[in-house]
2 protein chains.
Amino acid sequence: MSVTQAKANNIARTIEDICRQEKVSREHILSGVSSGTIVIPFNVNRKMTKPCAIGKGLKTKVNANIGTSPDHISVEEESRKLEASIAAGADAVMDLSTGGNLAEVRKMVLDSCPVPVGTVPIYQAACEAVMKGRRIQEMDGERMLSVIEEQAEEGVDFMTVHCGITKETVKILERNGRRVGVVSRGGSFLVKWIKANGRENPLYENFDRLLEIAKRHNITLSLGDGLRPGGLADANDAPQIAELSVLGELTLRARKAGVQAIIEGPGHMPIHEIAGHVQLAKKLGHDAPLYLLGPLVTDIAAGYDHIVSAIGGAVAASAGVDFLCYVTPAEHLRLPDADDVYQGVIASRIAAHAADIVKNVPGAKEWDEEFSRYRKDRDWKMQEKLSLDPAKFAAERKKLLPEENDVCTMCGKYCAMKDET
Amino acid sequence: MSVTQAKANNIARTIEDICRQEKVSREHILSGVSSGTIVIPFNVNRKMTKPCAIGKGLKTKVNANIGTSPDHISVEEESRKLEASIAAGADAVMDLSTGGNLAEVRKMVLDSCPVPVGTVPIYQAACEAVMKGRRIQEMDGERMLSVIEEQAEEGVDFMTVHCGITKETVKILERNGRRVGVVSRGGSFLVKWIKANGRENPLYENFDRLLEIAKRHNITLSLGDGLRPGGLADANDAPQIAELSVLGELTLRARKAGVQAIIEGPGHMPIHEIAGHVQLAKKLGHDAPLYLLGPLVTDIAAGYDHIVSAIGGAVAASAGVDFLCYVTPAEHLRLPDADDVYQGVIASRIAAHAADIVKNVPGAKEWDEEFSRYRKDRDWKMQEKLSLDPAKFAAERKKLLPEENDVCTMCGKYCAMKDET
């Protein structure tokens, strides 16, 4: 069997697995991939045991961000965070490391992660510049692209590329001003670079080269929202929408080149602006899968931003968002640890599932119906088995067990479910 | 100064305090109370340091349920749960005790609670019957009313009365069937009673007497949703809506009698049904303040139902709900402890505040704007001070402090906020 044949067999098997998981037809997946409304992030160089598809008519997926920072570097801890992501049920993991030996962490993640792996390659270019004693704005433009090629060869499945930060969108940013400024790390690097050098964003200027690399390795491009709002006050402002519009244009170019693309979204946004924004993003983005960080529906609840984000994520996914990037309880305060990662993934999965019921995704409503039957029957074993997090279910129930085993200590013998009413 | 004069002075001071907290005019409060779109739960016999108003144009309020169960009885623990409720910022507390000496717990709560206190008096009637060796359906109908009078004299500010469980709505329940049945504890007591005795619900039949008691003590009636859905599959079914319609009629009778009334709501409900349901409940309920438990937007996440409920509560309050009853992480599994109570109140407060931004409640958006200014400035002291839970903010940040004190360990020196972009 030739290498090409083996690859073709792999793809066929992956699509079969996905159809089974999603309870959708092969035609649904193939037509979605062909039109660009569904992506399957899977680098040709990657070994992956649990691939997934993201997009129209499919379960809302959840991504967990892990990675070192300059202030906290431990490959062991990142390994624990990766394990926590998978244990909690993440569908994808991004390694956002910016501290220590980035290649070492990335290798660990690519080697051990069963699900698609994403990165933000510009972090590597920026960290290299800083390690050489340069400032961010002195990053080498050519290096921004060669880093992408290197990571593509390593097997990274999807990459955030902030191609929508352009000379033009930076002008719009400057003319309009902002309350909270640029809060995307990669976005801020590129805004600085463009302002300091007076040149166009290399990722935008050389987008055709980027597409060629992506095509060769089957990288899914995650068109980054470098101008996402960092506070409710900046939501849906002119810079954000201008960037989104550029990302829509680039999506069409990616499709033409046979490259899979998804579009990233905010950020901080009040509840009543979310559904309208998702509609707009689907329109400007030509129905590309949308990948949202949050949205956080209030700015004031640091320490609980996984809950804030679950609210926004549920509303956004109900309105059509396909892929949720988790937010952990540590957001805005510090680098998350393994427990934060676990909590963050669970909160996002709750949001994703609640939205899947709205989207009428195959199997979503049925899960709740089956669970509720066991609840009504006070079948605690089956409830545990079917619950979102069986270990948590068991641990919480065990903290205070009832006298009679068929109820719980909330109502004890007065359990409303006990007597048929 | 006469007793009447002292009382009049108290009311005047309470309204002044409320206007200051809510940043609304005296006229707004008075016209809302007079039309029934705003209530101020405050028993004439109660001493209370932190009264509040609930309803149109006001901040969304949060209630915490505490109380013993037959399987776990400790006045000390209930006292800790009360403290946790207040520390977390609950606007009201309900004592739902059904185990041990109910009067003792209630006295402790009424004596120590700075905010409005609510009860479900039928629990007392039911527990008394059971302690006498009777079954629930053998509760004394007259006792259902005398319990209300006793608790009114003790100073309870608002009471859940399941007056919408009637012979007629029980018939509708039987004709339509249900996946999860009746899940309201008080509701299930009354359904059983009506079915066993073939008589009308004493709380419905004697509603005028109930109004007379409420009027005399200034009890706010919380018209209970005994037929609330206990699973997504039962949301917005005929029994629920039939009961809601009865509660609307009773609201008009309460207003006519000069009695304050609010209407309770579900329960379990998928996201896309919530806004429509809230609209309907406002219509059938003649714009009475709505008091919702949850809604829980999925059935399958026991152990995390505070998050599930925060999603539903935020969507519901955004659509006009005035008062959120918290749900704790222990819901569906066991009686909550003090930590669960704290987590539950915080999750509901996040939902309430996120909705207040949508409702354009005075001061809501401004809080986020002020907070975000300090975030942009990386002023950690002021962020801590202004955050929803300052102690949590400080504790989480401290777990991993940055090398340079003006950032956090998420991005360290790469902080996007650090350089003006």
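Quick note on labels: first sequence line is chain A, next is B, and so on, each numbered from 1. Just so you know, these numbers use all the heavy atoms, side chains as well, and skip hydrogens, waters and symmetry mates.
Between the side chains of B/Y342 and B/D389, at least one donor N or O lies within less than 3.5 Å of an accepting N or O. No side-chain donor from either of A/H268 and A/D234 sits under 3.5 Å from a side-chain acceptor of the other. A/H353 and A/D368 share a donor-acceptor pair across their side chains, judged by distance under 3.5 Å alone. No side-chain donor from either of B/Y326 and B/N65 sits under 3.5 Å from a side-chain acceptor of the other. Checked by atom type, the side-chain pair A/E77/A/H72 shows a donor-acceptor distance below 3.5 Å.
Interface residue A/E331: only side-chain heavy atoms are found under 4.5 Å from chain B. Looking at A/R185, the atoms closer than 4.5 Å to chain B (heavy atoms on both sides) sit in the backbone and in the side chain alike. Residue contact with chain A, scored on non-hydrogen atoms closer than 4.5 Å, involves the side chain of B/Q343 exclusively. Neither the backbone nor the side chain of B/L296 comes within contact range of chain A; no heavy atom of the residue lies under 4.5 Å from a heavy atom of that chain. There is no contact between B/A330 and chain A, counting heavy-atom distances below 4.5 Å. Proximity to chain B is limited to the side chain of A/I346, based on heavy atoms less than 4.5 angstrom apart. Using a 4.5 Å cut-off between heavy atoms, B/R375 contacts chain A through its side chain alone, with no backbone atom that close. Residue A/T68: no heavy atom, backbone or side chain, is found under 4.5 Å from chain B. Using a 4.5 Å cut-off between heavy atoms, A/L96 makes no contact with chain B at all. With a 4.5 angstrom heavy-atom cutoff, A/S318 touches chain B only via side-chain atoms. Using a 4.5 Å cut-off between heavy atoms, A/K399 touches chain B through backbone and side chain atoms alike.
Interface remark: of the candidates B/A314, B/A126, B/A233, B/A314 forms the most heavy-atom pairs closer than 4.5 Å to chain A. Most heavy-atom pairs under 4.5 Å with chain B, from the set A/D337, A/V407, A/T98: that is A/T98. The greatest number of non-hydrogen atom pairs below 4.5 Å with chain B, out of A/L401, A/V180, A/I307, is found for A/V180. Of all the listed residues (B/L388, B/V170, B/V308, B/D299), the one sharing the greatest number of non-hydrogen pairs under 4.5 Å with chain A is B/D299. Among the candidates B/I300, B/D71, B/T298, the residue making the largest number of heavy-atom pairs closer than 4.5 Å to chain A is B/I300. Options B/G99, B/P270, B/A347, B/C127 differ in how many heavy-atom pairs under 4.5 Å they form with chain A, and the most are formed by B/C127. For the set B/L386, B/V297, B/I350, the entry with the most heavy-atom pairs within less than 4.5 Å of chain A is B/I350. Highest contact tally toward chain A, considering only B/K398, B/Q383, B/E273, B/H332, is held by B/H332 [criterion: heavy-atom pairs under 4.5 Å]. Among the candidates A/A354, A/A395, A/G230, the residue making the largest number of heavy-atom pairs closer than 4.5 Å to chain B is A/A354. Interface summary for chain B: among A/C411, A/G231, A/A301, A/S387, the most heavy-atom pairs under 4.5 angstrom belong to A/C411. Most heavy-atom pairs under 4.5 Å with chain B, from the set A/E370, A/K392, A/R179: that is A/K392.
With respect to A/D340 and A/R334, a salt bridge is recorded, a charged nitrogen being found less than 4.0 Å from a carboxylate O. Residues A/R397 and A/E384 are not paired through a salt bridge, judged by the lack of any N-O separation under 4.0 Å between the basic side chain and the carboxylate. In this structure, A/R373 does not pair ionically with A/E369, as no charged nitrogen and carboxylate oxygen lie closer than 4.0 Å.
One finds the CG atom of B/L333 at 7.5 Å from the CG atom of B/D305 (value rounded to the nearest 0.5 Å). To the nearest 0.5 Å, atoms CD (B/E403) and OG (A/S69) are separated by 8.5 Å.
In this structure, the side chain of B/W380 engages the main chain of B/D406 through a donor-acceptor pair within 3.5 Å.
For the residue pair A/A88 and A/R349, the shortest heavy atom distance occurs at O-NH1, 2.9 Å.
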If you apply the rule salt bridge (Lys or Arg N to Asp or Glu O under 4.0 Å), what do you find for A/E404 with A/K418, and how did you get there? CA-CA 11 Å; A/E404 296 169 49; A/K418 197 159 177 177; 2.6 Å; yes
